[in-house]
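Indexing begins at 1, ligand by ligand and atom by atom, following the structure's order.
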Amino acid sequence: MNITIIGTGYVGLVSGTCFAEFGVNVTCVDKDEKKIKNLRKGIIPIYEPGLDELVKKNIDQGRLNFEIDLSKSINQSDAIFIAVGTPTKKKDGHADLSYVYAVAEEIAKNLKNFSVIVNKSTVPVGTAENVSKIIKKINPNLKFDVASNPEFLREGSAINDFMRPDRVVIGCKSEKAKNILKELYRPLYLLETPIIFTNRETAELIKYAANSFLATKITFINQISNLCEKVGANVNDVSIGIGLDGRIGKKFLHPGPGYGGSCFPKDTLALVKTAQDHKAPLSLIENVVESNDKRKKSMHKRILNSVGKSKKKKVICILGLTFKPNTDDMRDSPSLDIVPALIKNKCNLKVFDPEGMKEAKEHFLKYSDKILWCKDSYEASKGADALVILTEWNQFRALDLKRLRKLLRNPVIIDLRNIYNPVELKSLGFEYFSLGRPQA
Ligand code: NAD
């Protein structure tokens, strides 16, 4: 089979590469010329474990190509995937569909024969229908179908998630579209992956409902964690105690500084807007959005309270800037709230992140005189008044604590991911603060 994927970001590049690995001929298109030129040379624009080898392998085997111009491949494609961004519209919180609709127009102008156009971007209910209308208006004689196939991969484990997903969701209107997508996902049938065929509106809603549910679970445990701090309970034990109930499940019950990333914040907000537009408000998700925003905006206060009230300028070591480990993605990361708030409160920062510093530097350009970018955790902690763990990268889980104790000016650790044991840290002479657990 031949497919084109338009938008070669986290989702487009991973999906395209994995389809190529399944044996499909894939052309990945992006309007970013530099990205495409680099990809042709095997230079990957993002950090995603295992992706570089898989891209190189499939380029070498001739199944993966990169283009700037979609007209080069769409007319030979059984399916054309749209995988461009759908960020939050600044003015009202709706999903900004301008990139999706611009691609729909380009497809309409260039497509001459039947193909299934598949929305892989996360898009609100009704977008497949709108894409259909746009194409029909520009190219009334074209035979085509529009399907919805939302993507559930997670950055950091994207290849495995794509190759061994919990499920695939496909929303389509015609048998012809269904059969083409069935054939494309045939390698997953062989692994007995559940494939849910439904209508397009349902497929579109499943993606938002899934992300909003997960965001709710995180917010729930963050609020329980706040209560634990007031009553002397231990949130980690609460998570285990409730998570062992099969109806609840263990995952996504870890307290933290608030969810971030390229999906949960924008998708919860977009779902709230869709629900309001259809006069079926989702007050639960509205509360989740508000609670998470407040949490991210208040986390710096915990750090300031933990380093004491003296007027002296503080130096804070920050370990981790990305919204989660194993990615360089900084979109909506809690660090984007915490770092500026600490600087506004007269702190100087020494920071280290294993993969996110290049992108983080762009975000924090205007604070560059207040931030020292360090080569590792130990350089970042040298002379600091406190060390803050913001992202739970594996390399932060087994730090040489005795060495840190000597390097820090004050032995204070604020662990916003609960990765250390309070009793052990106290025995090593640290003042240790975590979330929702009594101090040792
Ligand atoms: P991204 O920003 O990493 O990539 C989007 C790409 O599309 C960019 O490279 C951009 O240059 C390109 N693009 C924009 N307009 C174009 C056009 N007209 N022609 C060609 N290329 C164009 O975005 P992403 O993180 O891959 O997300 C894409 C979609 O997938 C979003 O809707 C997102 O919500 C959804 N999604 C993302 C993830 C994730 O973990 N990142 C997971 C599941 C779903």
Side-chain angles (χ1 to χ4, degrees), residues 4-18 27-39 44-49 51 66-74 80-89 94-110 117-124 127-128 131 134 148-162 165-169 203-204 206-212 214-215 259-271 322-333 359:
T4 297
I5 302 211
I6 304 168
T8 309
Y10 284 87
V11 166
L13 183 58
V14 171
S15 319
T17 307
C18 292
T27 303
C28 283
V29 176
D30 205 287
K31 63 179 184 184
D32 181 338
E33 263 188 76
K34 191 170 158 218
K35 196 183 258 191
I36 292 300
K37 279 187 183 150
N38 279 336
L39 279 163
I44 311 292
I46 52 171
Y47 174 76
E48 181 60 44
L51 186 60
F66 296 97
E67 286 295 344
I68 292 148
D69 179 359
L70 56 73
S71 71
K72 298 249 170 72
S73 59
I74 59 170
I80 303 164
F81 285 80
I82 303 178
V84 295
T86 47
T88 299
K89 256 194 221 163
H94 283 89
D96 177 356
L97 295 172
S98 57
Y99 301 96
V100 172
Y101 293 154
V103 172
E105 284 176 18
E106 268 190 85
I107 293 173
K109 286 177 197 153
N110 289 283
I117 294 133
V118 189
N119 275 338
K120 200 165 235 336
S121 299
T122 302
V123 289
T127 306
V131 166
I134 289 171
S148 165
N149 170 219
E151 183 49 56
F152 297 93
L153 61 78
R154 294 161 298 174
E155 289 173 17
S157 53
I159 293 172
N160 191 57
D161 288 349
F162 193 91
D166 293 334
R167 78 305 207 184
V168 172
V169 172
E204 289 168 336
I206 285 172
K207 174 67 193 177
Y208 282 101
N211 275 358
S212 297
L214 293 171
Y259 61 76
S262 63
C263 293
F264 288 179
K266 80 172 175 66
D267 293 348
T268 44
L269 203 54
L271 182 62
T322 53
F323 79 99
K324 69 172 180 180
N326 291 327
T327 181
D328 56 355
D329 201 337
M330 285 289 298
R331 286 179 280 186
D332 275 318
S333 173
E359 214 195 308

>> Please find the pair of heavy atoms, one from Lys207 and one from Pro150, that lie closest to each other, and give the distance.
In response: CB-CB, 3.6 Å
> Any idea which residues sit under 4.0 Å from ligand 1, heavy-atom distances?
Replying inline: Ile6, Gly7, Thr8, Gly9, Tyr10, Val11, Asp30, Lys31, Lys35, Ala83, Val84, Gly85, Thr86, Tyr99, Val103, Glu106, Ser121, Thr122, Glu151, Leu153, Glu155, Lys207, Ser262, Cys263, Lys266, Arg331
All N/O donor-acceptor pairs, side-chain side in residues 6-15, below 3.5 Å, sequence neighbours left out:
| residue | atom | partner | partner atom | Å |
| --- | --- | --- | --- | --- |
| Thr8 | OG1 | Val29 | O | 2.9 |
| Tyr10 | OH | Asp328 | OD1 | 2.5 |
| Ser15 | OG | Val11 | O | 2.5 |

> Quick one: salt bridge (Lys or Arg N to Asp or Glu O under 4.0 Å) partners of Glu155, sequence neighbours excluded?
Replying inline: Arg331
> Are Ser73 and Thr4 linked by a side-chain donor-acceptor pair shorter than 3.5 Å?
Replying inline: yes
> Is the OH atom of Tyr101 crowded by more than 12 outside heavy atoms at less than 6.0 Å?
Replying inline: yes
>> Taking side chain to side chain donor-acceptor pair (under 3.5 Å) as the definition, give me every residue that meets it alongside Asp96, ordered by chain and number, with sequence neighbours left out.
In response: Ser98
